[in-house]
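Below you'll find the structure, written out as structure tokens, and then a few comments.
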Protein chains: 2
Amino acid sequence: MDTIDSKIIAQLGQESGLTSEALGERVGLSPSAAHRRVKTLEQQGLILGYRARLSRAARGNPSTVFVSVTLTDQRQATMQQFEQALARTLQVSEAHLMSGESDYLLKVLVREDDSYERIHREVLSALPGVHRLVTQFTIRTLATED
Amino acid sequence: MDTIDSKIIAQLGQESGLTSEALGERVGLSPSAAHRRVKTLEQQGLILGYRARLSRAARGNPSTVFVSVTLTDQRQATMQQFEQALARTLQVSEAHLMSGESDYLLKVLVREDDSYERIHREVLSALPGVHRLVTQFTIRTLATED
DNA sequence: TTTCCTTGGGAACACCGATGCGCATCGAAA
DNA sequence: TTTCGATGCGCATCGGTGTTCCCAAGGAAA
């Protein structure tokens, strides 16, 4: 894990479609050496895989909603059940255990062919151990290169 | 844009490293047809590109912080300058214009070789038009398949 | 200095992406 | 019903690229 590996990771984290030759050029290596580095990074588990970047349209023109969740209590079992149920919930794209007022902060993606009203009623309220849900609506999500 | 295209998008959104043959199998198409579909989706702009999924370690073992931002005012120019400055801020991985109390919600990634104290002081406070920053710390981010 | 080990470069091979062709299917028009 | 045109599939082919050799160069240890 040296400077070149860092460059490779930075590059592939942004755009992975390039050939070994192109990658080698950008990091100052021959195609074969660049290729070998990438394979090593994959074996080491630093590169987990590859996926397509999809347009908003391809993702169903989602709007983003943040939901602060307070559980009925903070017992280990309660939190564990809640988290396990979350993992099976497609609409929740991120979940964070939080300090402060509420217990969890969820990032929910609402596809345009769905509605938050339905998700709130049928999905989020149905999660086990939920005491209170506070919704923050986004007006617009800024484009990020991330 | 039919059922097969949806399957392809769903598949490539999760894992894009497979060959046309493997992709064709999963969506019920010959390799050449699957390949042609993918190229069309790329041309249509539904598939924007490809990137590597990086491990937490490869991303610098970041911890996540949410920051609610209130601007000095909500004039067009103020918001625009703030947003432009945001775009040049690497640590801010997401930014949402919000309804409710504060104006923006930022998701900030703090690499373990950095500190939130520094980012707060040198990066976030330095953004133009900022009136108030309220930080919510995450204790733990749940693993998501997203 | 010698040896070992790591890492890069070059070349050969195999595989897969890319594309042209023929054919089947479907819908529209007469 | 028949015909025409368009669309999209599968097959076959070709070339580019991934993959894997081997060898050389450089650095560390003895």
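Lettering of chains follows the sequences in order, A, B, ..., and the numbering in each one begins at 1.
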Just checking T19(B): base, sugar-phosphate only, or nothing, at a heavy-atom cut-off of under 4.0 Å? sugar-phosphate

side-chain hydrogen bond (donor to acceptor under 3.5 Å, both in side chains) partners of S102(A), counting only residues at least two apart: none

Measure the distance from CG on D5(B) to P on dT7(D) and round it to the nearest whole Å. 15 Å

What is the bend of the helix from dT1(C)-dA30(D) to dA30(C)-dT1(D) when you compare the axis at one end with the axis at the other, using five pairs each and rounding to 10°? 30°

Could you tell me the separation between the CD atom of E25(B) and the C1' atom of dC9(D), rounded to a whole number of Å? 17 Å

L18(B) has an atom CG; how far is it from atom P of dG17(C), in whole Å? 9 Å

Step by step, work out the salt bridge (Lys or Arg N to Asp or Glu O under 4.0 Å) result for E112(A) and R56(A). CA-CA 11 Å; E112(A) 69 175 347; R56(A) 249 184 75 82; over 6 Å; no

Going by chain and number, the hydrophobic cluster around L97(A) (ILVMFWY, side chain to side chain under 4.5 Å) further includes V65(A), V67(A), V69(A), L71(A), M79(A), F82(A), L86(A), V92(A), Y104(A), L106(A), V108(A), V110(A), Y116(A), I119(A), V123(A), L124(A), L127(A), V130(A), L133(A), F137(A), I139(B), L142(B)

Scan for salt bridge (charged side-chain N to carboxylate O under 4.0 Å, His left out) pairs involving residues 4-14 of chain B, sequence neighbours excluded, and state none if there are none. D5(B)-R37(B)

Any residue meeting ring pair (Phe, Tyr, Trp, His ring centres under 6.0 Å) with H35(B), in chain and number order, not counting sequence neighbours: none

May I ask you to verify whether the side chain of S20(B) and the base of dC16(C) hold a donor-acceptor pair under 3.5 Å? no

What is the distance from CG of D2(A) to C1' of dG26(D), rounded to the nearest Å? 15 Å

Nearest-nucleotide pick for L29(B), side chain only, options being dT20(D), dG10(D), dG17(C): dG10(D)

R132(B) side, atom CZ; T70(B) side, atom OG1 - distance, nearest 0.5 Å: 6.0 Å

Could you check how far CD of E21(B) sits from P of dA14(C), rounded to whole Å? 18 Å

Looking at dG8(C), does its base get a donor-acceptor pair with the side chain of R37(A) below 3.5 Å? no

Using a 4.5 Å side-chain heavy-atom cut-off and chaining through intermediate ILVMFWY residues, the residues clustered with L48(A) come out as none

Output the single nucleotide from dC22(D), dG20(C), dT19(D) whose closest atom is nearest the side chain of R36(A). dC22(D)

Given dG18(D), is OP1 or OP2 found less than 4.0 Å from the side-chain N or O atoms of H35(A)? no

